[in-house]
Amino acid sequence: MAQFVFINDRNRERYLKIIAPAGKFLARMGIHPNVLSFAGLVFSALAGLLYSTGAFFWAAWVVVLAGVCDSLDGLIARQTQKTSTFGAFFDSTLDRYGDMFLLLGLAYHFAGGIPFFFPGMPRVLGGEASPWTVMVIFLALTGSFMVSYARARAEGLGIPCKEGMMQRPERITLLIIGSLLGAIPQVGPWLLKFVLLLLAVSTNLTAVYRIIHVRNRILKGNP
């Protein structure tokens with residue numbers, strides 16, 4: 001099956017080169033990779049809180065920090081030879097919770113909810129409830145989980161499954177772009193809604209693509 005690429009290997013390598021010095025510094029400081037994994041989860045939760053108030057611009061940059069932590073944990077694990085089966089499991093599990101926090105914050109915002117901790121604080125962008133947007137966000141969340149589940153289930157059957165364009169780095173990148181666009185006055189919330197719709201469609205298509213890939217591998221008797 002043809003492989004569609006959203007973020008190519010060259011761009012991945014450039015990104016890793018940019019953050020490599022930070023990884024070396026943290027490794028020398030003795031920071032354990034699992035600490036970075038947990039820090040990424042904390043940043044994702046903070047971004048979710050910012051999304052709930054409509055502060056899309058600032059939420060986008062906190063998501064960037066969460067993504068950097070998610071990348072650095074792997075770099076540090078390799079540099080310090082602390083890679084482990086549990087570390088990979090721990091990181092992957094926290095990623096799912098991170099995805100939930102981000103999209104839950106957006107769902108809360110577009111459901112018309114007031115800010116969590118400061119009820120009297122005005123919402124930064126958007127004030128009207130949008131049920132269809134909430135539905136789209138939950139479709140995006142379901143698609144994100146199914147992309148990861150399809151890979152985990154396939155690999156449990158001994159079938160490698162990284163096919164499809166909407167893996168987690170691509171999903172996070174698209175969400176960051178949508179969040180920055182969402183900060184544009186007037187039209188921003190509509191642009192973000194469009195990106196969320198795109199995310200909902202593309203993640204579920206990726207999950208279906210992986211299902212077909214696994215089916216074909218099984219039928220060929222070549223796991």
Side-chain angles (χ1 to χ4, degrees), residues 5-53 55-106 108 116-118 140-141 144-145 147-152 155-156 160-162 164-180 183 199 203:
V5 178
F6 181 50
I7 300 177
N8 59 39
D9 292 337
R10 180 176 297 180
N11 288 333
R12 292 177 191 272
E13 291 175 2
R14 289 173 178 171
Y15 169 70
L16 291 176
K17 286 181 179 179
I18 292 173
I19 66 172
K24 292 179 180 178
F25 172 78
L26 293 173
R28 289 196 299 269
M29 294 289 293
I31 303 298
H32 196 281
N34 289 349
V35 173
L36 269 297
S37 299
F38 187 76
L41 177 66
V42 172
F43 280 125
S44 294
L46 176 58
L49 289 174
L50 290 171
Y51 278 131
S52 74
T53 69
F56 304 139
F57 178 83
W58 296 112
W61 290 108
V62 176
V63 175
V64 170
L65 291 176
V68 170
C69 289
D70 191 45
S71 300
L72 285 176
D73 59 5
L75 284 177
I76 293 175
R78 290 187 291 272
Q79 290 174 2
T80 59
Q81 298 183 343
K82 292 181 179 178
T83 56
S84 67
T85 302
F86 174 75
F89 168 80
F90 184 68
D91 179 52
S92 180
T93 302
L94 293 189
D95 284 347
R96 304 291 77 76
Y97 277 107
D99 292 343
M100 180 195 69
F101 285 141
L102 297 177
L103 293 175
L104 191 62
L106 282 164
Y108 187 87
F116 286 126
F117 294 120
F118 304 100
L141 180 61
S144 297
F145 281 7
V147 168
S148 300
Y149 176 79
R151 175 181 173 180
E155 291 179 347
C161 187
K162 294 183 179 180
M165 63 180 293
M166 274 297 150
Q167 299 186 67
R168 192 166 193 267
E170 287 79 2
R171 299 196 300 267
I172 294 299
T173 300
L174 187 59
L175 181 60
I176 291 171
I177 293 172
S179 301
L180 293 174
L199 189 62
T203 52

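Keep in mind the model is a prediction, meaning the values are calculated, not measured.
Within a 6.0 Å sphere centred on NZ of K82, heavy atoms belonging to other residues, nucleotides or ligands number more than 12.
Rounding to the nearest 0.5 angstrom, the gap separating the CH2 atom in W58 from the CG atom in L46 is 12.5 Å. To the nearest 0.5 Å, atom OG of residue S44 and atom CG of residue D95 are 8.0 Å apart. The CZ atom of F86 sits 8.0 Å away from the OG1 atom of T93 when rounded to the nearest 0.5 Å. Atom-to-atom distance recorded for L36:CG and I76:CD1 is 4.0 Å, nearest 0.5 angstrom.
What you find for P169 and T173 is that their closest heavy atoms are O-OG1, 2.8 Å. Across every non-hydrogen atom of P160 and E155, the tightest pair is CA-CG, 4.4 Å. Among all heavy-atom pairs drawn from R171 and M166, the shortest one is NH1-O, 3.0 Å.
For F145, the side chain to side chain contact (heavy atoms under 4.5 Å, CB included) partners are R96, D99, M100, L141, not counting sequence neighbours. Residues passing the side chain to side chain contact (heavy atoms under 4.5 Å, CB included) test with V42 are F38, sequence neighbours excluded. With sequence neighbours left out, S37 forms a side chain to side chain contact (heavy atoms under 4.5 Å, CB included) with D73, F90, D91, L94. Residues meeting the side chain to side chain contact (heavy atoms under 4.5 Å, CB included) test with A45, sequence neighbours left out: F101.
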Can you list, pair by pair, the side-chain donor-acceptor contacts under 3.5 Å of residues 59-72, counting residues two or more places apart and other chains?
| from | atom 1 | to | atom 2 | distance (Å) |
| --- | --- | --- | --- | --- |
| D70 | OD2 | R168 | NH1 | 3.3 |
| S71 | OG | Y15 | OH | 3.3 |
| S71 | OG | G67 | O | 3.2 |

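Evaluation of the side chain to side chain donor-acceptor pair (under 3.5 Å) test over residues 26-35, restricted to residues two or more places apart or in two chains, returns none.
Proximity of E170 to M165: side-chain heavy atoms (C-beta onward) are nowhere separated by under 4.5 Å. Contact of the L175 side chain with the L106 side chain is registered, since non-hydrogen atoms from C-beta on lie closer than 4.5 Å. Using a 4.5 Å cut-off on side-chain heavy atoms (C-beta onward), I172 and L102 make contact.
The main-chain N or O of A88 is never found under 3.5 Å from a side-chain atom of S92 such that the two would form a donor-acceptor pair.
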(request) Test F56 against L180 for side-chain contact (heavy atoms from CB on, under 4.5 Å), laying out the working first. (result) CA-CA 7 Å; F56 304 139; L180 293 174; over 6 Å; no
